[in-house]
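Within every chain, numbering begins at 1; the chains are lettered A, B, ... in the order of the sequence lines, protein sequences first and strands thereafter.
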Amino acid sequence: MAQKPSIPKGTRDFSPTEMVRRNYIFDAIKRVFRLYGFQPIETPAMENLSTLTGKYGEEGDKLLFKILNSGDFISKVSDELLNERNSNKLTTKISEKGLRYDLTVPFARYVVQNQNDITFPFKRYQIQPVWRADRPQKGRYREFYQCDVDVIGSNSLLNETELVQIIDDVFTSLNIKTVVKINNRKILAGIAEVIGENDRIIDITVAIDKLDKIGLAKVNVELSEKGVSDEAILKLQPILALEGNCDDKIAQLEVVLNTSEVGMKGVNEIKLLFAYLNNLSLKTDVELDLTLARGLNYYTGAIFEVKAKDFDIGSICGGGRYDDLTGIFGLPNVSGVGVSFGAERIYDILSQQDLFPSDSLETTKVMFVNFGEKEEVYCLPVLTDLRKNGINTEIYPENAKMKKQMNYANKKQIPFVVLAGESEMSKNRFTLKNMTSGDQKSVTAKELINILS
RNA sequence: GUGGUUGUAGUUCAGUUGGUUAGAACGCUGGAUUGUGGUUCCAGAGGUCGUGGGUUCAAAUCCCAUCAUCCACCCCA
């Protein structure tokens with residue numbers, strides 16, 4: 001009984017065409033990363049559950065894919081526990097590994113574990129899939145790739161500056177028009193302090209983050225529901241309404257946050273960062289967005305988010321500074337900052353705006369038609385020569401009908417076909433056909449290489 | 001986790017108030033054309049109608065359950 005094959009919900013196969021395009025994105029990103037001195041690492045798809053749990057909040061824990069222990073794990077579980085039917089409790093007994101949820105936490109684990117071999121500041125990039133047991137929907141998958149760059153072990157705002165430059169370079173090279181939004185968690189903390197809701201900072205940031213999505217009124221409702229006092233919400237209004245260019249906003253913040261030490265620290269960081277950036281003639285727009293908060297709560301300083309202009313798809317890149325991510329693994333006081341590029345969304349933008357290059361180094365450039373054994377022998381040395389010259393070359397492996405072989409070349413979008421049968425062999429030449437124009441001409445082996453190089 | 005949507009050929013989808021042998025387009029295979037692909041013409045193959053039950057003389061069609069899917073919310077890239 002042949003069963004209908006399928007893949008798990010929220011996962012995808014990638015066809016050759018898609019892979020060529022995905023690699024185009026990854027290559028562009030990697031090229032920029034290397035340009036700034038970042039080095040690649042990889043970590044396992046699975047981590048110990050103890051490494052992952054508790055790092056992403058309660059919601060994040062639910063979205064972790066857990067891996068069942070090997071062997072006869074259930075026999076070791078007590079009858080009481082089984083009868084309790086408590087999934088959470090049972091999970092800790094039958095699963096001790098999980099698929100990674102992002103690349104940052106495994107990176108922090110890596111840094112702590114290898115701290116004696118790492119030279120700080122450590123600049124690494126990492127491009128690997130991550131998994132979330134989320135319910136998939138448009139542009140959201142259960143398995144997707146993240147492209148992370150982080151530098152850990154340096155407090156300098158030069159790192160933030162370089163990350164913005166990297167963002168600028170990547171999206172310029174991919175031809176995507178973007179705007180980089182920057183904020184600072186210390187400013188948000190300062191705001192919370194000033195309005196007297198110090199310990200509600202997470203609720204406040206999450207709510208503020210939705211400002212441009214759901215509007216001011218609904219944000220206020222949400223704040224109120226979360227238990228923020230009316231008085232504090234009232235105090236918050238002028239801050240949310242801050243207008244003007246970057247300098248104006250900063251000037252106003254300096255007044256509002258005057259009494260908050262963290263807040264002023266944040267303002268100073270932002271000032272310095274923009275001072276660096278304003279000198280760089282970036283091609284991307286960079287703006288200070290005080291409503292930018294970002295969900296992840298390990299951020300402590302600068303936060304970034306990149307949005308594509310003329311394309312409403314959410315953020316395509318985001319990140320920030322985290323002062324103590326390695327602390328939970330026993331290495332305190334090591335600050336890091338990094339951003340992550342969302343490959344899937346970048347892919348969607350490039351394909352919808354038709355921005356992928358038409359030619360690729362990953363596809364076949366020329367195919368030899370197979371006319372039979374004698375002709376194969378005649379062609380093989382030339383195939384070898386072409387390959388030695390870096391030209392992607394293949395020969396149809398069977399003496400099939402011409403139509404079939406041509407069809408194969410056409411479907412595979414191979415731009416050139418070589419025909420070498422009896423008449424060509426007698427003249428020691430080859431017929432080269434251009435599949436786009438349909439033109440063909442008789443050439444020598446040497447000319448073949450020259451034309452196709 | 002909550003709400004909704006849709007499951008029919010490889011793919012995208014038609015299929016009337018329940019009624020003979022379930023259709024189309026694209027794709028696939030072969031031929032027109034044994035050394036020329038894309039265009040055209042002709043022929044052919046391909047379906048447990050998601051699965052299980054129920055109603056009925058009769059179910060792709062109605063009912064129930066179940067699984068899958070996509071979309072939205074929460075959250076997030």
Side-chain angles (χ1 to χ4, degrees), chain A residues 1-11 15 25 56-64 87-88 100-104 127-148 202 205-207 209-210 213-214 218 222 225-226 293-297 304-308 313-320 338-349 367-372 375 396 399-425 430-440 442:
Chain A
M1 233 3 120
Q3 56 163 353
K4 202 170 184 176
S6 64
I7 55 174
K9 194 201 309 220
T11 65
S15 68
I25 295 173
Y56 309 104
E58 205 178 317
E59 199 66 34
D61 284 354
K62 279 188 206 155
L63 300 181
L64 284 173
S87 301
N88 284 339
R100 64 166 168 257
Y101 180 90
D102 72 355
L103 299 179
T104 309
I127 298 178
Q128 288 189 276
V130 303
W131 294 267
R132 293 182 190 178
D134 206 355
R135 200 169 284 208
Q137 49 183 286
K138 202 175 186 64
R140 290 177 65 175
Y141 306 94
R142 295 183 128 180
E143 178 187 63
F144 62 97
Y145 277 70
Q146 288 190 331
C147 315
D148 274 32
I202 290 174
T205 52
V206 168
D209 194 39
K210 295 177 184 165
K213 218 191 247 176
I214 62 176
K218 284 188 181 169
E222 184 161 331
E225 280 170 359
K226 288 269 164 69
R294 292 194 64 77
L296 290 175
N297 48 29
F304 308 100
E305 195 158 285
V306 182
K307 290 202 165 156
I313 196 171
S315 76
I316 53 178
C317 176
V339 294
S340 178
F341 291 79
E344 336 293 330
R345 288 180 177 180
I346 294 174
Y347 184 99
D348 287 346
I349 292 174
M367 185 199 85
F368 281 60
V369 171
N370 189 323
F371 285 105
E375 290 85 350
Y396 197 86
N399 179 14
K401 280 183 184 161
M402 186 76 162
K403 181 182 171 121
K404 190 165 184 172
Q405 299 193 40
M406 293 300 283
N407 213 343
Y408 170 86
N410 191 51
K411 285 262 168 65
K412 220 173 152 181
Q413 295 187 55
I414 299 174
F416 294 98
V417 162
V418 168
L419 301 118
E422 254 175 64
S423 62
E424 282 88 354
M425 281 167 69
F430 300 85
T431 297
L432 176 66
K433 181 183 172 90
N434 179 322
M435 291 295 278
T436 319
S437 64
D439 299 341
Q440 55 189 59
S442 173

Inset, instruction - Select base, sugar-phosphate, or nothing to describe what A:Gly60 touches, counting heavy atoms under 4.0 Å on all strands. - result: nothing
Inset, instruction - Identify whether any heavy atom of A:Asn407 sits under 4.0 Å from a base atom; if not, whether one sits that close to sugar-phosphate; answer base, sugar-phosphate or nothing. - result: sugar-phosphate
Inset, instruction - Check A:Arg345 against A:Ile316 and note the closest heavy-atom contact, atom names and distance. - result: CB-CG2, 4.0 Å
Legend entry - Base B:U2 paired with A:Arg135 side chain (donor-acceptor, <3.5 Å): yes
Legend entry - A:Met367 to A:Ile414 - nearest heavy-atom pair and separation: N-CG2, 3.7 Å
Legend entry - Donor-acceptor pair under 3.5 Å, A:Lys433 side chain vs B:U36 base: yes
Inset, instruction - Looking at every strand, decide which applies to A:Tyr141 at a 4.0 Å heavy-atom threshold: base, sugar-phosphate, or nothing. - result: base
Inset, instruction - Please measure how far the C1' atom in B:G44 lies from the corresponding atom in B:U61, and state the result in whole Å. - result: 30 Å
Inset, instruction - Please confirm whether any donor atom in the side chain of A:Gln405 sits under 3.5 Å from an acceptor in the base of B:U36, or the reverse. - result: no
Inset, instruction - Could you tell me whether the side chain of A:Gln413 has a donor or acceptor atom within less than 3.5 Å of a complementary atom in the base of B:G37? - result: no
Legend entry - Touch class at under 4.0 angstrom, heavy-atom based, for A:Thr104 against every strand present: nothing
Inset, instruction - Decide if atom NZ of A:Lys412 counts as having more than 12 heavy atoms of other residues, nucleotides or ligands within a radius under 6.0 Å. - result: yes
Inset, instruction - Look at all strands and tell whether A:Gly318 reaches a base, only sugar-phosphate, or nothing, counting heavy atoms closer than 4.0 Å. - result: nothing
Legend entry - Pairwise P distance for B:C64 and B:U6, with rounding to whole Å: 14 Å
Inset, instruction - Report which part of the nucleic acid A:Ser315 touches: base, sugar-phosphate, or nothing (heavy-atom distance under 4.0 Å, all strands). - result: sugar-phosphate
Legend entry - Any strand: nucleotide that pairs with B:U11 via Watson-Crick or wobble, under 3.5 Å: B:A25
Legend entry - Centroid under 5.5 Å and tilt under 30°, A:Phe144 to B:A77: yes
Legend entry - Short side-chain donor-acceptor distance under 3.5 Å, A:Thr431 and A:Glu424: yes
